[in-house]
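Pasting a structure here, questions to come.
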Amino acid sequence: MVENIIVTDARTGKKYEIPKEIVMPDNLTIIDSRTEKEYAIPITNGTIKAMDLRQIKVSDDDFGMMTYDPAFMNTASCKSKITFIDGDKGILRYRGIPIEQLAEKSSYLEVAYLVINGELPTKSQLDEWTFHITHHTMLHENTKKFMEGFVPDAHPMGMLVSTIGALSTFYPDSRDIFDAESRKLQTYRLIGKVPTIAAYCYRHRLGLPYVYPDNDLSYPGNFLSMMYKMTELKYKPNPVLEHALDILFILHADHEQNCSANVMRSTGSSHADPFVSMAGAAAALYGPLHGGANEEVLRMLKEIGSKDKVPEFIKRVKGGEVKLMGFGHRIYKNYDPRAKIIKETADRVFEVTGRSSLLDIALELEGVALEDEYFIKRKLYPNVDFYSGIIYQAMGFPTDAFTVLFAIARTAGWIAQWQEMLLDPEQKIARPRQVYLGSDERDYVPMEKR
Ligand code: ACO
C-alpha cells in the first residue's frame, strides 16, 4: 500500500499529496568494515535493490557487492499482482480473493480468467472465454501421430512435456509474443489443448483409441470423457467427481514464484514462445520435490502398507533415511490451506467411489507427524500433494498421471506469470550471477603429459 504525505510549497502555500517514499525514503544504512564507508540503500516494499549494492566497492576495479542466494531463499525476482501467499498464516489468494471462496463458489475456467486477466469476468466475458477455450480443445491430427511414437509405457509427464513443446511447431504465430491478440489466442489454445494431450497420454498407455473433445461438457467433464469414454455414445460424468476435479484444478491454478513458474518466466524472458516456455515449466513440475510429490505420496503410502507400520516409517524419516512425501513447504510453515480444502473434498469423493484404504494410512501418518517434535520443530505440515493423490486414485487416475493433472490446472498460472513478466518494463532476460570458485587461469596440458 502506497502511503502519501502532504507537502506544502512555502513559495505558493499550495499543498501536494506525494508518496512518502519519494519525500522521506526509508533507507538501509550499510557500513563497509573494509573501507569504513557508509551507504544509504533505499528501501521500497520492504526490499532493497540488489543492483544498489553494486556501488559498494573496496577499489575502483572491484566489481562491486553482490548477494549470494542459492535457490532464491530470500530474493524477490519480480513484482507481481497475481497470487498472494502468507506462509505463516496459511493464506492463499488469487488476485486478492481467498482460495476458500474460489473453491466453494467458482469454477476452474472462471478462476483461470481471474488469474490471467486480473478481475472476475462478467457473464458475457465468461461465456466468450469458455466458448473460445472449448473451441480450441482439438489437436492437429499430426499431434496424434507424434504421440504414437512414444513407447507404450512412456511416463505421461515425459509425453506431456514433449507434446506441449511440439505445439510450438504447429503454431509458429505464437512467436508474436508482444501482440495482445496473439497472446490471447495462445492462451485459448494452451488451456484448451493441455487436457486433450493429457487424456491422449493416458489412452496411449492403455492402447485405447483417442477420444475427441465433447463441446457439450464442462471443462472437467470433457476431460473425464476424453479419459474414460468407451463405447457409449455420450459420456456422462458423475457430477460429484466432475465438481471435485474442478475444485482440484482451482486449488492448483497458481502458486506465485514456485519452481515451475520461475522456469516459465525465465524461459519466456528470452522471448521464446509460450509453448516451449510452458514445456520447460511442466518439466520443472515433473520433479518429485515439486508437482511430482503427489505421485511419490501414493507410492509411499503403498509402501507403508498398513496403519500399524506408520511409527516404523516415521522413525526412518527422523533418521534421515527417507522423506515424508507430501509434507513440508518452502513457504507454508503453518498449514497449506489447499490441503485443508482437499481433505474436505476427499470425503465427498469417497461417498461415490468408496473409501480408499490409503486414506487411513495417510490420516494416521498425519496424526503421528503433527504430534512429533521432529515435525513440529521444522514446521512440517501436509502440503497440497498429501491428499490429492488419494482422491485422484479413487477417481481412477493412474499414479503417474497425477502430475499431469497438476499441469492441466497450473496452465492458467504459468500463462499469467509469463504475461506479467513480458509486460513488466523492469524485466529483462533472466540471467543470474555466480560466485566463481574454480581454478585461476592455467595452461592446457597435452594428453601425453597428463
Ligand atoms: N520429510 C522429512 N523431513 C523434511 C521434509 C520431509 N518431507 N521436508 C523438510 N524436511 C526437513 C529437512 O530435512 C530439514 O531438516 P534439517 O533442518 O534437520 O536439515 C528441514 O526439514 C527443512 O527442510 P528444507 O529441505 O530446508 O526445506 P525447503 O524449504 O528447502 O524444502 C520441500 C521444501 C522441497 C517442499 C521439502 O519440504 C520436501 O522435500 N518435501 C517433500 C516433497 C514434497 O512434498 N514436495 C511438494 C511441495 S508442494 C508443491 O510443490 C506443489
Side-chain angles (χ1 to χ4, degrees), residues 69-75 83 85-88 90-92 94 99 157 247-264 281-301 303-304 310-343 358 361-362 365-392 399 401-414 417:
D69 189 11
F72 305 117
M73 295 289 287
N74 196 36
T75 295
T83 293
I85 300 175
D86 183 328
D88 291 330
I91 293 174
L92 169 61
Y94 299 153
I99 192 68
M157 271 309 277
I247 292 176
L248 283 157
F249 285 167
I250 291 172
L251 299 182
H252 287 88
D254 191 52
H255 213 232
E256 51 120 307
Q257 306 313 312
N258 54 82
C259 178
S260 55
N262 184 52
V263 172
M264 184 81 196
L285 187 75
Y286 186 4
L289 296 189
H290 191 10
N294 51 18
E295 193 177 330
E296 296 302 320
V297 170
L298 217 80
R299 287 191 217 292
M300 175 189 76
L301 295 175
E303 187 198 320
I304 296 171
V310 164
E312 196 184 309
F313 185 79
I314 292 281
K315 213 184 265 176
R316 289 177 61 206
V317 173
K318 288 161 67 176
E321 214 182 304
V322 282
K323 266 192 174 178
L324 180 47
M325 298 310 286
F327 257 67
H329 199 276
R330 172 64 59 78
I331 305 288
Y332 295 118
K333 301 295 176 194
N334 178 330
Y335 71 91
D336 180 338
R338 300 168 301 173
K340 210 168 155 192
I341 300 168
I342 288 191
K343 222 170 147 183
L358 297 179
I361 304 174
L365 209 49
E366 181 185 348
V368 173
L370 293 184
E371 303 241 307
D372 193 293
E373 185 56 25
Y374 175 95
F375 298 91
I376 295 169
K377 208 173 109 198
R378 291 170 179 79
K379 300 189 173 181
L380 299 172
Y381 294 87
N383 60 49
V384 67
D385 287 328
F386 193 65
Y387 286 105
S388 63
I390 306 174
I391 305 190
Y392 290 147
T399 310
F402 295 174
T403 316
V404 172
L405 296 165
F406 194 152
I408 294 175
R410 188 52 62 85
T411 301
W414 287 329
Q417 298 287 346

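Note that the numbering runs from 1 along the sequence shown for the chain. As the structure is a prediction and not an experimental result, all values here were calculated from the model. Values below: every heavy atom of this structure, side chains too, minus hydrogens, waters and symmetry copies. Numbering of ligands and ligand atoms starts at 1, following listing order.
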Near K333 NZ, under 6.0 Å, is it more than 12 heavy atoms from other residues, nucleotides or ligands? yes
Measure from every N or O atom of ligand 1 to the protein's N or O atoms and keep only the pairs below 3.5 Å, writing each with atom names and distance to 0.1 Å.
from	atom 1	to	atom 2	distance (Å)
ligand 1	1 (N)	L324	N	3.0
ligand 1	3 (N)	Y374	OH	3.0
ligand 1	7 (N)	L324	O	2.7
ligand 1	7 (N)	F327	O	2.9
ligand 1	15 (O)	R378	NE	3.2
ligand 1	18 (O)	R378	NE	3.1
ligand 1	18 (O)	R378	NH2	3.0
ligand 1	29 (O)	R330	NE	2.8
ligand 1	30 (O)	R330	NH2	3.0
ligand 1	39 (O)	K323	NZ	2.5
ligand 1	40 (N)	F327	O	2.9
ligand 1	44 (O)	G326	N	2.9
ligand 1	44 (O)	N383	ND2	2.9
ligand 1	45 (N)	L289	O	3.2
ligand 1	50 (O)	H290	ND1	3.0

By ring pair (Phe, Tyr, Trp, His ring centres under 6.0 Å) - contacts of H290 (at least two apart): none
Please enumerate all residues that pass ring pair (Phe, Tyr, Trp, His ring centres under 6.0 Å) together with F313, with sequence neighbours excluded. none
Under the criterion side chain to side chain contact (heavy atoms under 4.5 Å, CB included), which of I342, L298, L251 is the partner of S388? I342
Only one of T83, L92, N262 clears side chain to side chain contact (heavy atoms under 4.5 Å, CB included) with E256; which? T83
Return the set of residues passing ring pair (Phe, Tyr, Trp, His ring centres under 6.0 Å) with H255 (not counting sequence neighbours), or none when no residue passes. H329, Y332
